[in-house]
S.K.: 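Let me give you the structure first, and then I'll get to my questions.
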Amino acid sequence: MNKPLSAHDALIYVMVMASAVDSTMNDREMERIGQLIGFLPVFRGFDDDKLISAARDCAALLSGPEGLDVVLETVKDTLSPKLYDTAYALAVEVASADLSVKAEELRLLSLLRDRLGLDKLTCAAIERSAIARFRKG
């Protein structure tokens, strides 16, 4: 993978990591990724046809030596700091999509928070808003 990564690609990498970290990319998570790309302003101008190749590129990096660390660093280096909280929010959205957050997903969120240097209060607010959105009546 020699092409430069775009911010869109980096955000997709975050969502793919959040979905794949527990070794399963279920339909709810994949559907949520598609929904997020379809309606969030940060993805305006993104060519939906590039989603599969971005997801494959991320999976290839993840399967390599120190894959998770490489992808986290790639995301950090690609995104502007103003998108760090957006990346974290996307990871939370995907991890929450199946209405349960597993230990592996919590660990990834912690690694992402630390790598991006996000403060705990911001992350707690993002997590709390996901709980409110995904709560069953």
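Atom set for the values below is all heavy atoms of this structure, side chains included, hydrogens, waters and symmetry mates excluded. By convention here, the first residue in the shown sequence is residue 1.
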S.K.: Would you mind telling me which of Val70, Val14, Leu11 makes a side-chain contact (heavy atoms from CB on, under 4.5 Å) with Val75?
M.R.: Val14

S.K.: Sub-3.5 Å donor-acceptor pair from the side chain of Tyr84 to the main-chain atoms of Arg113, do we have one?
M.R.: no

S.K.: Can any side-chain N or O of His8 pair as donor or acceptor with the backbone N or O of Leu51 at less than 3.5 Å?
M.R.: no

S.K.: Could you walk me through whether Arg107 and Val21 pass side chain to side chain contact (heavy atoms under 4.5 Å, CB included), step by step?
M.R.: CA-CA 9 Å; Arg107 178 71 180 134; Val21 73; over 6 Å; no

S.K.: If you measure from CD on Glu105 to OG on Ser19, what distance do you get to the nearest 0.5 Å?
M.R.: 8.0 Å

S.K.: Got Tyr13 and Leu61 here, is their nearest side-chain heavy-atom distance under 4.5 Å?
M.R.: yes

S.K.: Kindly give the heavy-atom pair with the smallest separation between Ala60 and Ser63, and that separation in Å.
M.R.: O-OG, 2.9 Å

S.K.: Looking at Glu66, I want to see if its CD is surrounded by more than 12 non-hydrogen atoms of other residues, nucleotides or ligands under 6.0 Å.
M.R.: no

S.K.: Hey, could you give me the CE/CD distance between Met17 and Glu104, rounded to the nearest 0.5 Å?
M.R.: 15.0 Å

S.K.: For Thr78, which residues count as a side-chain contact (heavy atoms from CB on, under 4.5 Å) partner, sequence neighbours excluded?
M.R.: Leu5, Ala10, Thr74

S.K.: Determine the minimum heavy-atom distance between Ala7 and Leu83, stating which atoms define it.
M.R.: CB-CD1, 4.2 Å

S.K.: Roughly how far apart are Leu90 CG and Ile12 CD1, rounded to 0.5 Å?
M.R.: 9.5 Å

S.K.: Any side-chain to backbone donor/acceptor pair from Thr122 onto Leu118? Under 3.5 Å, distance only.
M.R.: no

S.K.: Do Val16 and Ile52 share a hydrophobic cluster (ILVMFWY, side-chain heavy atoms under 4.5 Å, transitive)?
M.R.: no

S.K.: Check whether Ile33 and Val101 end up in the same hydrophobic cluster, where Ile, Leu, Val, Met, Phe, Trp and Tyr are linked by side-chain heavy atoms less than 4.5 Å apart.
M.R.: no

S.K.: In the single-linkage hydrophobic clustering (I, L, V, M, F, W, Y; side-chain heavy atoms under 4.5 Å), do Val92 and Leu121 co-cluster?
M.R.: no

S.K.: Out of curiosity, Leu79 CG to Leu116 CG, how far, rounded to the nearest 0.5 Å?
M.R.: 7.5 Å

S.K.: First locate atom CD1 of Ile37, then atom CZ of Arg44, and finally report the distance between them rounded to the nearest 0.5 Å.
M.R.: 14.5 Å

S.K.: When you measure from the side chain of Asp57 to the backbone of Ala54, do you find a donor-acceptor pair of N or O atoms at a distance under 3.5 Å?
M.R.: no

S.K.: For the atom pair OG (Ser96) and CD (Glu29), what is the distance rounded to the nearest 0.5 Å?
M.R.: 9.5 Å

